[in-house]
Amino acid sequence: MMDLILWRHAEAEDERDEVEDLARALTPRGEKQASRMATWLDRQLPEGLRVLVSPARRTEQTAQALGRKFKHRAELLPGGTVDDLLQVAQWPTGRGAVLIVGHQPQLGQTIARMLGLPSNDFTIRKGAVWWLRQRQREGVDQTTVLTVQSPDLL
């Protein structure tokens, strides 16, 4: 059994010419979103969790709200593919749980593929979490959605 927890970075500054995309920081609202979600996650996350984060500033700030050690992975930067994400997560063959803090459209496309949905139309709200579980039942691999949380509803 393996859990894959996908957390989209919280609200960040708008793109501007003077700020490189990867340097964009969270807004004050984004900081509150990250804090609310981190408080909820901290109560739910299992021991031994691996946390993998895009090296972009906004994803790093989102992950820092959780207060746990994490590793930067370039495969999670904007422009990364579903295959990149699944490979760094070691899905579905890994064990335990991994939390990925990343970006659209990679996160939405990953969920869409795992659930058999059209990937171009699938979006995750800023700061939201999707928690998926891979398990085997009667010799058949299954992906189940354990929960979906939005920071605005916590």
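Please read all numbers here as calculations on a predicted model, not as lab measurements.
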Within one Ile-Leu-Val-Met-Phe-Trp-Tyr cluster: [X] and [Y], side-chain cutoff 4.5 Å:
X: Ile111; Y: Val88; value: yes
X: Trp40; Y: Leu66; value: yes
X: Val51; Y: Ile5; value: yes
X: Leu45; Y: Val98; value: no
X: Leu86; Y: Val145; value: yes

Side-chain heavy-atom pair [X], [Y] within 4.5 angstrom cut-off:
X: Arg73; Y: Ile100; value: no
X: Arg50; Y: Phe70; value: no
X: Pro92; Y: Met2; value: no

Hey, could you give me the [atom1]/[atom2] distance between [X] and [Y], rounded to the nearest 0.5 Å?
X: Arg36; Y: Leu153; atom1: CZ; atom2: CG; result: 9.5 Å
X: Leu85; Y: Leu6; atom1: CG; atom2: CG; result: 6.0 Å
X: Ile124; Y: Arg8; atom1: CD1; atom2: CZ; result: 7.5 Å
X: Lys126; Y: Gln104; atom1: NZ; atom2: CD; result: 10.0 Å
X: Leu132; Y: Thr110; atom1: CG; atom2: OG1; result: 9.5 Å
X: Trp131; Y: Thr144; atom1: CH2; atom2: OG1; result: 11.5 Å

I need the minimum non-hydrogen distance between [X] and [Y], along with the two atoms involved.
X: Phe122; Y: Gly108; answer: CD2-O, 3.4 Å
X: Glu11; Y: Gln33; answer: N-OE1, 2.8 Å
X: Ser54; Y: His72; answer: O-CD2, 3.8 Å
X: Asp21; Y: Pro78; answer: OD2-CG, 3.9 Å
X: Gly127; Y: Pro151; answer: O-CD, 3.3 Å
X: Gly30; Y: Ala10; answer: O-CB, 3.1 Å

Give a yes or no on whether a salt bridge exists between [X] and [Y], defined as a side-chain N under 4.0 angstrom from a carboxylate O.
X: Arg29; Y: Asp152; value: yes
X: Asp83; Y: Arg113; value: yes
X: Arg68; Y: Asp42; value: yes
X: Arg24; Y: Asp14; value: no

List the steps and the verdict of side chain to side chain contact (heavy atoms under 4.5 Å, CB included) for Leu76 and Thr59.
CA-CA 10 Å; Leu76 304 175; Thr59 50; over 6 Å; no
The complete set of ring-ring contact (aromatic ring centres under 6.0 Å, His included) pairs with one or both residues in residues 75-109, sequence neighbours excluded, reads His9-His103
Run Arg57 and Leu22 through side chain to side chain contact (heavy atoms under 4.5 Å, CB included) and show every step you take.
CA-CA 6 Å; Arg57 184 173 179 202; Leu22 298 182; over 6 Å; no
Among Leu107, Leu146, Thr147, Leu115, side chain to side chain contact (heavy atoms under 4.5 Å, CB included) partner for Trp130
Leu115
Please check if any side-chain donor atom of Arg137 sits under 3.5 Å from a side-chain acceptor atom of Gln142, or the reverse.
no
Does the pair Asp84 and Gln106 meet the rule for a side chain to side chain contact (heavy atoms under 4.5 Å, CB included), with working shown?
CA-CA 9 Å; Asp84 292 337; Gln106 185 183 41; 4.1 Å; yes
Determine yes or no for a side-chain-to-main-chain donor-acceptor pair under 3.5 angstrom, with Gln61 supplying the side chain and Leu26 the backbone.
yes
Hey, does the side chain of Thr39 reach the backbone of Ser35 with a donor-acceptor pair shorter than 3.5 angstrom?
yes
Leu4 vs Met114, test: side chain to side chain contact (heavy atoms under 4.5 Å, CB included). Steps then yes/no.
CA-CA 11 Å; Leu4 179 61; Met114 295 168 74; 3.9 Å; yes
